[in-house]
2 protein chains.
Amino acid sequence: MRAELFDPDIPRDRLLAAGARLFRRQGFRATTVRAIGAEIGLLSGSLFHHVRSKEEILFGVMERVIGAMLDDLRAGLSAAGDTRARLRALIAVELTYLHGPCADATAVLFHEWRALSPERQAVLLSGREAYFALWHEVLERARAEGLTRAEPAVLRQFLHGALAWTSFWYQPGGALDIDALSEQALAMVAPPEVSP
Amino acid sequence: MRAELFDPDIPRDRLLAAGARLFRRQGFRATTVRAIGAEIGLLSGSLFHHVRSKEEILFGVMERVIGAMLDDLRAGLSAAGDTRARLRALIAVELTYLHGPCADATAVLFHEWRALSPERQAVLLSGREAYFALWHEVLERARAEGLTRAEPAVLRQFLHGALAWTSFWYQPGGALDIDALSEQALAMVAPPEVSP
DNA sequence: TAACAAACCAAGCAAGCGCTTGGTTGTCTT
DNA sequence: AAGACAACCAAGCGCTTGCTTGGTTTGTTA
């Protein structure tokens with residue numbers, strides 16, 4: 001996966017990274033433009049030289065991460081062998097984004113979706129749909145092969161919810177690393193014994 | 001389960017119910033005391049006769065629902081027979097609260113936890129811990145009996161996340177009712193074939 | 001070295017926020 | 001009849017918010 005979503009040498013990217021960090025920690029509404037500015041040593045007014053509005057920061061963060069996740073998921077799926085490996089790739093990509101170097105931006109994408117205006121939500125919707133279309137494809141096959149039992153459309157939501165929720169409790173650096181966490185998620189949706 | 005958390009005949013309860021409704025729809029920060037007042041035909045200042053602060057509304061809502069859920073979960077578990085039935089009860093109680101008559105308050109409890117001050121979070125923590133202690137007990141037995149595969153502590157978080165996330169996508173009244181949704185969740189964490 | 005644009009500062013505006021204040025209304029008890 | 005109390009209104013205070021404005025610095029190019 002790409003190590004960084006934002007280039008520290010580009011002022012606007014520094015702004016987006018700071019926004020992601022604070023939006024994740026305090027939420028979009030609770031974060032002031034003054035706090036974002038202070039985070040990168042800027043006065044509150046100065047950041048409107050790089051961005052038209054506070055919401056544009058949120059949108060910029062989401063747009064960036066949604067594109068990157070889609071790329072990485074495609075790469076992960078094409079590298080995976082059987083359906084079970086593809087299932088693991090779905091999980092691993094999401095957990096890696098949620099707890100790796102892109103953790104801030106990914107958490108913001110998942111948890112601050114409602115803070116974005118409906119118009120801008122619509123702009124990102126195609127990327128979101130493409131992402132979950134890949135999920136659906138894998139989950140359909142997984143059920144056809146007897147790996148999973150729940151209906152793919154429902155399972156997709158359950159699994160995504162379970163993974164997104166990890167940002168509230170999972171601490172990277174503890175006893176459980178991301179690979180082990182992925183394996184636990186895989187064990188939940190597709191216990192090894194069920195496969196033929 | 002108890003049909004209503006708030007008594008429409010008590011002014012303060014009407015206030016809490018209105019708060020829950022708006023907090024769920026727009027989030028705590030985005031909801032103004034003026035909007036809450038308007039919801040029950042009150043001027044913004046008048047509602048401070050019933051409540052000391054806006055946050056006290058949030059706390060009141062959460063306190064109420066957390067106690068009710070704990071009662072209902074205890075009742076549901078004692079009525080259930082084997083471990084699989086107890087597992088179903090865990091799921092059913094949570095989904096019933098999330099999408100039944102207490103949907104507003106429950107969604108607020110799960111999704112606006114961070115909006116509560118740390119001091120008040122601490123007050124509710126004992127109720128929360130008692131609730132999840134019951135979960136843990138059931139999930140431990142489920143694993144001991146071979147019903148589930150993932151570690152109980154992790155599975156608890158995954159499952160709770162999956163269920164809490166339903167408030168973003170599940171629409172009661174559609175083709176899938178709450179019982180069917182519960183069955184899907186159960187199928188995900190404990191596929192029938194695995195049991196001995 | 002002059003010109004120019006990107007990047008930033010200093011100051012503040014208009015609007016909205018949670019909450020306070022002082023007073024009025026209606027109901028119930030004694 | 002009179003007191004007590006809950007419930008509410010009308011008005012607005014002090015503060016914070018996102019964002020604007022006009023001007024200054026800095027670095028690059030011609």
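Values reported hereafter were calculated over all heavy atoms of this structure, with side chains retained and with hydrogens, waters and symmetry mates removed. Throughout, a chain's letter reflects where its sequence line sits, starting with A, and its residues are numbered from 1.
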> Is a side-chain donor-acceptor pair under 3.5 Å present for B/Ser117 with B/Glu55?
Replying inline: yes
>> Less than 6.0 angstrom from the centroid, inside 45 degrees of the normal: does B/Arg156 satisfy that with respect to the ring of B/Phe132?
In response: yes
> Does A/Trp113 have A/Arg128 sitting over its ring (NZ/CZ under 6.0 Å from centre, angle to axis within 45°)?
Replying inline: yes
How is [X] classified with respect to the nucleic acid when contacts are heavy atoms under 4.0 Å: base, sugar-phosphate, or nothing?
{"X": "A/Leu47", "result": "nothing"}
{"X": "A/Ser44", "result": "base"}
{"X": "A/Gly41", "result": "sugar-phosphate"}

How many Å lie between [atom1] on [X] and [atom2] on [N], as a whole number?
{"X": "A/Phe28", "N": "D/dT17", "atom1": "CZ", "atom2": "C1'", "answer": "12 Å"}
{"X": "B/Leu42", "N": "C/dC19", "atom1": "CG", "atom2": "P", "answer": "15 Å"}
{"X": "A/His49", "N": "C/dA5", "atom1": "NE2", "atom2": "P", "answer": "12 Å"}
{"X": "B/Ile36", "N": "C/dG18", "atom1": "CD1", "atom2": "C1'", "answer": "11 Å"}
{"X": "B/Ile40", "N": "D/dC8", "atom1": "CD1", "atom2": "C1'", "answer": "11 Å"}
{"X": "A/Asp13", "N": "C/dA7", "atom1": "CG", "atom2": "P", "answer": "12 Å"}
{"X": "A/Lys54", "N": "D/dT16", "atom1": "NZ", "atom2": "C1'", "answer": "12 Å"}
{"X": "A/Phe48", "N": "D/dT17", "atom1": "CZ", "atom2": "P", "answer": "12 Å"}

>> Applying ring pair (Phe, Tyr, Trp, His ring centres under 6.0 Å), can you list everything that pairs with B/Phe28, at least two apart in sequence or on another chain?
In response: B/Phe23
Among [options], the one nearest [X] by side-chain distance:
{"X": "A/Thr32", "options": "D/dG18, C/dC8, D/dC8", "value": "D/dG18"}
{"X": "B/Pro11", "options": "C/dG18, D/dC8, C/dA7", "value": "D/dC8"}
{"X": "B/Arg34", "options": "D/dG18, C/dC19, D/dA7", "value": "C/dC19"}

> When you check the gap from the basic side-chain N to the acidic O, do B/Arg24 and B/Asp104 get nearer than 4.0 Å?
Replying inline: yes
> Is any side-chain nitrogen or oxygen of B/Ser46 closer than 4.0 Å to OP1 or OP2 of D/dC9?
Replying inline: yes
